[in-house]
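Data block below; observations after.
Just so we're on the same page: letters track the sequence lines, and every chain starts at 1. Note that the coordinates shown come from a computational prediction; the quantities given were computed from them, not determined experimentally.
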Amino acid sequence: MKVRLRNPDRVVDVSGPATVLDLLKELSIVPEAVLVIRDATLLTRDERLNETDEIEVRPVLSGGAS
Amino acid sequence: MKCKVCKGPAVMDIRRHNAAFCKPHFLDHFRNQVARTIKEFSMFTSDDRLLVAVSGGKDSLAVWDVLIDLGYDATGFYLDLGIGGYSTRSKEAAIAYADAKGAKLIVRSLAEEHGYTVPELAKLTRRVPCSGCGLNKRYEFNRAALEEGFDILVTGHNLDDEVATLFGNVLHWNVDMLGRQAPVLEEKVVGGATALVRKVKPLVRLAERETAAYALLTGIDYVIEECPMVEGNTQHRYKEAVALLEESSPGTKNHMYFGFLNRVRHRFGDEDENFELVPCAGCGAPAARWDAAAEPVCSFCKTKRLALGRKQQ
């Protein structure tokens with residue numbers, strides 16, 4: 001499946017992961033720090049993924065001055 | 001996962017609440033959490049005029065959106081920091097949201113107001129960009145609120161922001177900062193006039209992941225890219241560390257922040273007794289006077305003088 005990552009913007013090919021949680025583990029991404037999006041819809045961590053999916057993993061933690 | 005309310009398919013899980021929600025019930029949950037926070041901390045009423053500090057990011061646009069939907073009189077304020085294309089896109093996002101919602105947005109520019117951008121300020125003062133940026137934002141937000149006659153300044157600080165700040169203040173035992181960390185910072189009167197407008201943070205019960213989800217699900221087109229000056233920022237590293245703790249023990253962030261507010265904060269005063277708060281000789285904003293013989297100058301004016309002095313050399 002195609003997975004879009006941000007900051008910097010890039011697309012990587014990942015094959016195999018059965019669920020959102022599996023995908024994030026494979027990419028070494030902490031689930032609490034991202035949203036996972038397919039077809040403009042949010043996915044929960046138990047959602048099953050397909051090889052043909054186009055997924056966006058969007059970081060949510062911002063830094064900087066407050 | 002199933003929605004906790006209707007048992008339909010969930011789109012958002014919140015592990016610290018041991019709950020998941022479908023889109024409509026997540027949006028209800030989000031708005032209810034904001035309304036609960038406003039009431040719990042007596043932040044403001046529908047009679048107050050609110051100025052919302054808007055960056056074009058998810059948190060500030062989300063809090064503005066909820067306040068408008070809840071029927072509050074909420075005007076946005078965008079400060080152009082002059083950080084190249086990032087500031088351009090952030091401003092466009094803030095303006096686009098205001099136009100779509102029919103909301104009033106005040107726009108000011110740091111370069112026009114004071115003669116420097118955030119990148120220039122960092123070079124001139126030889127300090128990290130986030131330091132000067134934070135100081136200038138706090139100053140300009142407050143100045144705009146005072147000049148435009150607003151009662152309350154609203155910021156989009158969320159639970160992760162507050163926990164990261166608390167985490168840093170504890171790591172370094174910044175005792176004076178611990179005393180000042182709260183969801184409501186009361187108005188400060190100096191020399192008989194309001195010098196600091198009441199400042200409130202209605203998103204402190206909501207994690208950053210939830211504000212991002214709210215923005216996405218409501219179609220708010222926020223700026224996703226990170227500020228280019230933030231790389232290696234301490235606050236960001238603290239957030240990553242806390243996210244790891246939250247992942248292994250859901251509820252950690254909530255316990256840390258609300259435990260601090262409910263059981264610890266009162267042990268720290270919100271004033272350092274060694275100085276007197278007086279009007280700044282340069283601009284009238286509050287300035288700490290440690291020595292009666294010294295001219296009181298606020299942090300903002302000191303930094304501005306330093307930057308503009310070096311710029312003219």
Side-chain angles (χ1 to χ4, degrees), chain A, chain B residues 1 9-13 15 20 23 26 55 57-59 118 128-138 155-158 160-162 164-165 207-213 216-217 219 224-227 229-240 242-248 250 253:
Chain A
M1 70 194 71
K2 301 271 185 209
V3 181
R4 183 180 185 187
L5 302 168
R6 302 274 194 164
N7 297 331
D9 227 335
R10 61 208 186 277
V11 176
V12 296
D13 276 308
V14 181
S15 59
T19 66
V20 167
L21 195 56
D22 294 337
L23 172 66
L24 296 178
K25 274 184 184 163
E26 187 157 333
L27 295 169
S28 300
I29 291 172
V30 180
E32 276 297 321
V34 294
L35 293 176
V36 179
I37 303 160
R38 178 176 59 196
D39 298 330
T41 305
L42 287 177
L43 302 179
T44 53
R45 59 176 67 200
D46 63 334
E47 196 78 42
R48 296 200 71 77
L49 300 175
N50 304 308
E51 283 299 310
T52 53
D53 282 347
E54 290 188 8
I55 303 291
E56 179 189 345
V57 177
R58 186 180 295 189
V60 298
L61 302 183
S62 59
S66 56
Chain B
M1 287 184 198
V11 297
M12 182 66 183
D13 55 301
R15 293 172 78 219
K23 177 179 170 180
F26 171 73
S55 67
K58 61 193 185 311
D59 306 300
V118 163
V128 291
C130 297
S131 163
C133 182
L135 175 67
N136 276 267
K137 282 196 292 190
R138 289 190 295 275
T155 63
H157 289 95
N158 56 51
D160 293 66
D161 293 322
E162 293 303 295
T165 300
E208 199 148 9
R209 190 166 169 270
E210 289 142 48
T211 63
L216 184 111
L217 293 171
I224 298 167
E225 71 186 276
E226 186 61 278
C227 171
M229 316 225 63
V230 88
E231 195 173 0
N233 172 269
T234 311
Q235 180 92 344
H236 199 264
R237 287 204 306 274
Y238 292 161
K239 282 186 178 177
E240 288 175 333
V242 173
L244 278 172
L245 295 172
E246 182 75 18
E247 181 64 26
S248 55
K253 289 185 291 196

(request) Using non-hydrogen atoms and a 4.5 Å limit, figure out which bit of A:V36 sits close to chain B: side chain, backbone, both or neither. (result) neither
(request) Say whether, by atom type as modelled, one donor and one acceptor occur between the side chain of B:H236 and the main chain of A:S62 under 3.5 angstrom. (result) no
(message) I need the minimum non-hydrogen distance between A:L35 and B:A213, along with the two atoms involved.
(response) CD1-N, 3.6 Å
(message) More than 12 heavy atoms of other residues, nucleotides or ligands under 6.0 Å from CD of A:E54: yes or no?
(response) no
(request) Tell me, yes or no, whether the heavy-atom count around A:R48 atom CZ, taken from other residues, nucleotides or ligands under 6.0 Å, exceeds 12. (result) no
(request) Can you measure from CD (A:E32) to CD (B:E247) and round to the nearest 0.5 angstrom? (result) 5.5 Å
(message) Give me the atom names and distance for the closest heavy-atom approach of A:L61 to B:A243.
(response) CD1-CB, 4.1 Å
(request) Against chain A, work out which of B:M1, B:K239, B:E240, B:K23 has the most heavy-atom pairs shorter than 4.5 Å and name it. (result) B:M1
(message) Is any side-chain heavy atom of B:L217 closer than 4.5 Å to one of A:L42?
(response) yes
(request) Heavy atoms only: give me the nearest B:E225-A:N7 pair and the separation to one decimal. (result) CA-OD1, 3.5 Å
(message) I need the minimum non-hydrogen distance between A:R45 and B:D13, along with the two atoms involved.
(response) NE-OD2, 3.6 Å
(request) Please determine, among B:L216, B:D160, B:T234, B:D59, the option with the most heavy-atom pairs under 4.5 Å with chain A. (result) B:L216
(request) Check for a donor-acceptor pair, side chain of B:R209 on one end and backbone N or O of A:V60 on the other, with a separation under 3.5 Å. (result) no
